[in-house]
Protein chains: 2
Amino acid sequence: MAVKRTTLMDVARAAGVSRATASLVIRGSDLVADKTREKVEKVIAELDYVPNSGAARLRGQKSRTVGVIIPNLVNSFFSEFVEGIEAELDEQGYQVMLASSRDDPERQSGLLRRLREHDAEGIILFPAEGTEPDTIEKLVAAGVPLVQAMRHVGRDLSDFAGSDHGLAVRLSVRHLRDLGHRRISFVSLAGKVSTREERLGAFEEELRAQGLVNAGVIDVPLEWDGSPQSAAMLMALDPRPTAAICFNDILASGLLRGLFDLGLMPGRDLSVVGHDNLSFIDLGAPPRLTTVQVFPRQIGAASAKLLLRRIKDPGAELKSEIVTPRLRVRDTTGPVD
Amino acid sequence: MAVKRTTLMDVARAAGVSRATASLVIRGSDLVADKTREKVEKVIAELDYVPNSGAARLRGQKSRTVGVIIPNLVNSFFSEFVEGIEAELDEQGYQVMLASSRDDPERQSGLLRRLREHDAEGIILFPAEGTEPDTIEKLVAAGVPLVQAMRHVGRDLSDFAGSDHGLAVRLSVRHLRDLGHRRISFVSLAGKVSTREERLGAFEEELRAQGLVNAGVIDVPLEWDGSPQSAAMLMALDPRPTAAICFNDILASGLLRGLFDLGLMPGRDLSVVGHDNLSFIDLGAPPRLTTVQVFPRQIGAASAKLLLRRIKDPGAELKSEIVTPRLRVRDTTGPVD
DNA sequence: ATGCATTTTTAGATCGATCTAATTAGAACG
DNA sequence: CGTTCTAATTAGATCGATCTAAAAATGCAT
């Protein structure tokens with residue numbers, strides 16, 4: 001049971017060299033003669049030696065580990081984001097420690113602490129709803145390399161990688177304008193989300209710029225079924241909108257279902273634009289959702305790159321990496337009659 | 001820049017006690033007098049002391065970290081699985097190290113090694129396609145607590161948590177039989193997947209048991225669009241099937257799309273059953289997919305529990321935790337004319 | 001006070017690697 | 001063959017916590 005761990009000492013002894021030499025071989029130093037290297041490597045393979053990184057990091061100071069905190073993993077938006085991070089870090093030999101805040105700032109604080117205990121060299125934080133700027137300031141002040149991703153509570157606090165939410169909304173509005181729509185609604189998430197203000201602001205601004213009418217903003221909860229009740233709510237508005245822009249694809253898909261249930265046809269009776277371009281959109285029955293693609297995988301990769309840069313050079317200037325969203329026109333938007 | 005780390009020594013000095021006492025306070029031992037505890041805790045808060053887990057684990061042997069390897073995070077099936085693991089481990093104060101094998105056994109070996117270096121106390125492995133039993137045998141022999149999850153390359157090698165694939169298929173077949181279907185096809189993934197054999201075996205066996213006809217097995221690649229070409233392939237079979245059971249919801253949704261493109265109506269012209277019950281099924285336009293729910297979150301939680309049990313008691317008997325799947329009848333299956 | 005049993009505290013060894021600084025082996029040369 | 005320079009190796013200190021075993025402080029009864 002209590003199998004004693006194979007240590008560097010065992011390897012050294014078996015290979016007839018010193019601990020120091022064995023250590024050099026493991027770390028691929030070129031200070032060691034080829035013959036010696038081969039000998040040691042053979043022994044390592046035979047003994048199935050696995051270095052104890054605890055000891056290594058204690059002495060060497062680097063854990064080659066990065067902490068990642070996300071609100072949850074419920075939809076592919078989040079998991080693609082994590083995939084992007086993982087792929088990029090993996091390439092640089094880093095390991096990801098994943099934790100989910102469940103959008104609770106309290107929990108998030110605990111996780112941050114735990115990640116530091118676990119000696120993460122840096123942290124990528126997709127901030128939970130309601131995160132205090134203070135939380136981030138403290139970490140940065142303590143010298144913890146940190147990147148805010150997707151959301152932020154202040155871009156002057158740390159590096160940041162995200163999407164241009166304003167542009168996403170503007171693209172949607174312009175697309176609808178080109179199709180002749182003049183009365184447009186926005187289906188948003190209830191609750192205080194930082195990105196909500198950002199998008200609503202851009203929505204109203206762009207409507208004004210294009211001389212269009214805000215036909216009303218409705219708030220729905222984010223449920224697994226996408227809250228199809230939004231359909232009836234929209235149809236009850238006066239003046240009635242001919243198009244709706246949704247906060248994300250889940251809400252948009254819920255709206256589609258709601259429309260069907262009312263016997264209405266998306267793209268004809270009401271044009272619908274989503275946000276995220278979740279991967280399920282191309283699946284299943286038509287019509288397919290017109291939506292704005294935001295490339296979470298790229299944003300994940302970008303935040304990983306930013307973090308590695310900051311770990312290497314803690315004094316570097318603050319940097320933001322904004323991935324440009326792209327409109328994907330499919331079936332749920334059409335010309336107004 | 002090079003902010004020197006606050007160590008236990010600093011805390012001890014500031015509080016006027018010894019390192020050992022400070023250490024006891026941190027670990028919440030009741031060996032220490034209340035007055036002393038308070039004093040030390042105050043200092044810890046003031047100095048914002050964060051223990052170096054590297055040092056702790058070097059001495060104490062426990063890292064409170066568990067490695068999780070999955071093939072990828074592409075669909076919600078995987079991310080729900082990870083969520084289940086994370087939630088369960090988090091509750092026990094464990095941290096998840098996540099890595100993606102991209103279904104490549106070579107990569108997987110590298111990751112396993114890395115997780116061991118990072119001193120994971122145990123590993124939950126969703127084995128990559130083509131994993132050799134040898135890989136797992138070696139780990140178990142080396143005394144690494146390990147749980148295979150979802151797939152396995154031998155249930156007698158380690159603990160296992162998964163779903164009853166055979167039952168899933170049997171439920172599907174019986175449901176179709178009840179609707180009057182007699183010629184049923186199976187849409188599978190190309191390639192050698194362990195679960196493929198298992199499901200196909202159950203498929204043929206249950207057909208035999210129910211006196212039904214195998215109208216043909218077709219293989220398609222797993223693409224982001226669900227490979228809609230499966231529709232044409234099925235319709236070209238002779239005798240033509242009246243129903244098809246798909247390997248997963250992605251393939252099933254691709255098939256639905258393919259049917260629509262051919263002007264055919266799922267549930268009327270061909271009944272379709274999926275597998276997984278991915279969360280997007282309730283979203284978007286009807287018809288909604290009839291499918292078998294497999295509860296990945298529960299399976300994740302179960303594998304976490306199994307792992308914690310094995311960490312506590314390395315000598316415990318091998319155990320398998322099989323979550324029972326459930327058929328969710330929706331719109332894509334209907335009576336045969 | 002004194003002795004004895006507890007309760008608290010602590011010195012010092014220890015975990016397994018890395019780093020520094022010093023040593024040894026090997027090569028090249030006159 | 002001795003000298004010098006470079007390449008290869010190594011002894012020993014070190015990282016920051018935990019553990020053990022023993023010492024110091026405290027309480028209590030006599």
Side-chain angles (χ1 to χ4, degrees), chain A residues 2-41 43-44 47-65 113-114 116-121, chain B residues 2-41 43-44 47-65 113-114 116-121 142-143:
Chain A
V3 190
K4 202 143 162 304
R5 182 169 196 137
T6 307
T7 78
L8 191 57
M9 185 62 192
D10 301 328
V11 172
R13 194 153 30 212
V17 299
S18 73
R19 250 165 42 249
T21 305
S23 176
L24 288 175
V25 171
I26 280 156
R27 284 173 293 152
S29 159
D30 52 0
L31 281 177
V32 46
D34 289 347
K35 234 170 47 186
T36 318
R37 176 191 312 286
E38 278 166 31
K39 198 168 52 181
V40 174
E41 276 171 351
V43 172
I44 288 177
L47 298 185
D48 188 27
Y49 167 69
V50 177
N52 177 327
S53 76
R57 80 177 60 168
L58 174 54
R59 186 69 236 269
Q61 310 291 10
K62 48 191 74 97
S63 65
R64 300 253 119 187
T65 284
R113 189 186 170 74
R114 203 144 92 190
R116 286 180 69 194
E117 283 182 26
H118 277 282
D119 220 20
E121 283 186 45
Chain B
V3 190
K4 203 145 161 305
R5 186 172 192 134
T6 308
T7 79
L8 190 59
M9 186 61 191
D10 301 327
V11 172
R13 195 153 27 211
V17 299
S18 72
R19 253 165 37 252
T21 306
S23 176
L24 288 175
V25 171
I26 280 157
R27 285 173 292 152
S29 158
D30 52 0
L31 281 177
V32 47
D34 289 348
K35 234 171 45 187
T36 318
R37 175 193 312 286
E38 277 165 32
K39 198 168 50 181
V40 175
E41 276 170 350
V43 171
I44 288 177
L47 299 184
D48 188 26
Y49 167 71
V50 177
N52 176 329
S53 75
R57 80 177 61 167
L58 172 55
R59 188 66 237 268
Q61 311 290 9
K62 50 191 70 98
S63 63
R64 298 254 120 187
T65 286
R113 191 186 170 72
R114 204 144 91 190
R116 288 179 67 193
E117 284 182 24
H118 277 283
D119 220 21
E121 282 186 47

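Each chain gets a letter, A, B and so on, in the order its sequence line appears, and its residues count up from 1.
- Across all strands shown, A:Ala33 has heavy atoms under 4.0 Å from sugar-phosphate atoms exclusively, and none from any base.
- For the OP1/OP2 pair of C:dA11 and a distance below 4.0 Å, the side-chain nitrogens and oxygens of B:Ser18 include no atom meeting the criterion.
- When distances run from any side-chain atom of A:Thr36 to the nucleotides C:dT8, C:dA17, D:dA8, the shortest one goes to D:dA8.
- Comparing B:Ala55 and B:Val32 by the nucleotide of DNA chain C that holds the closest heavy atom to each, the one mapping nearer the 5' end is B:Val32.
- Using modelled atom types, no side-chain atom of A:Arg57 and backbone atom of B:His118 make a donor-acceptor pair closer than 3.5 Å.
- Looking at which nucleotide of DNA chain C each of A:Leu24 and B:Arg19 is closest to, the 5′-most match is held by B:Arg19.
- Closest approach of B:Thr36 and B:Val17 over heavy atoms only: CG2-CG1, 3.9 Å.
- Here A:Ser23 reaches the OP1 or OP2 of C:dT18: one of its side-chain N or O atoms lies under 4.0 Å away.
- The separation between A:Glu38 atom CD and D:dA8 atom P is 13 Å, rounded to whole Å.
- Put simply, CD1 on A:Ile26 is 7 Å from P on C:dA17, counting in whole angstrom units.
- The two residues A:Tyr49 and A:Leu8 have their closest heavy-atom pair at CE1-N, 3.5 Å.
- Per the geometry, CG belonging to B:Leu58 stands 12 Å off P belonging to D:dA17, to the nearest Å.
- Distance, A:Met9 CE to D:dA11 C1': 11 Å, rounded to whole Å.
- Put simply, the side chain of A:Arg37 gets close to the backbone of A:Ser29: a donor and an acceptor are under 3.5 Å apart.
- With rounding to whole Å, A:Arg59 atom CZ is found 4 Å from D:dT14 atom C1'.
- Whole-Å rounding puts the A:Asn52 CG to D:dA17 P distance at 16 Å.
- In this structure, B:Ser53 reaches neither bases nor backbone, as no heavy-atom distance under 4.0 Å exists between it and the strands shown.
- Within 4.0 Å of B:Arg27, counting heavy atoms only, lie sugar-phosphate atoms of the nucleic acid but no base atom.
- Not one side-chain nitrogen or oxygen of B:Tyr49 sits closer than 4.0 Å to the OP1 or OP2 atom of D:dG16.
- Taking atom CG on A:Asp34 and atom P on D:dA8, their separation rounds to 8 Å, with Å as the unit.
- When all heavy atoms of B:Arg116 and A:Val50 are compared, the pair lying nearest together is CZ-CG2, 3.6 Å.
- Between B:Thr7 and D:dC15, a side-chain N or O to OP1/OP2 separation shorter than 4.0 Å is absent.
- Protein atom CG of A:Leu31 is 9 Å distant from nucleotide atom P of D:dT9, rounded to whole Å.
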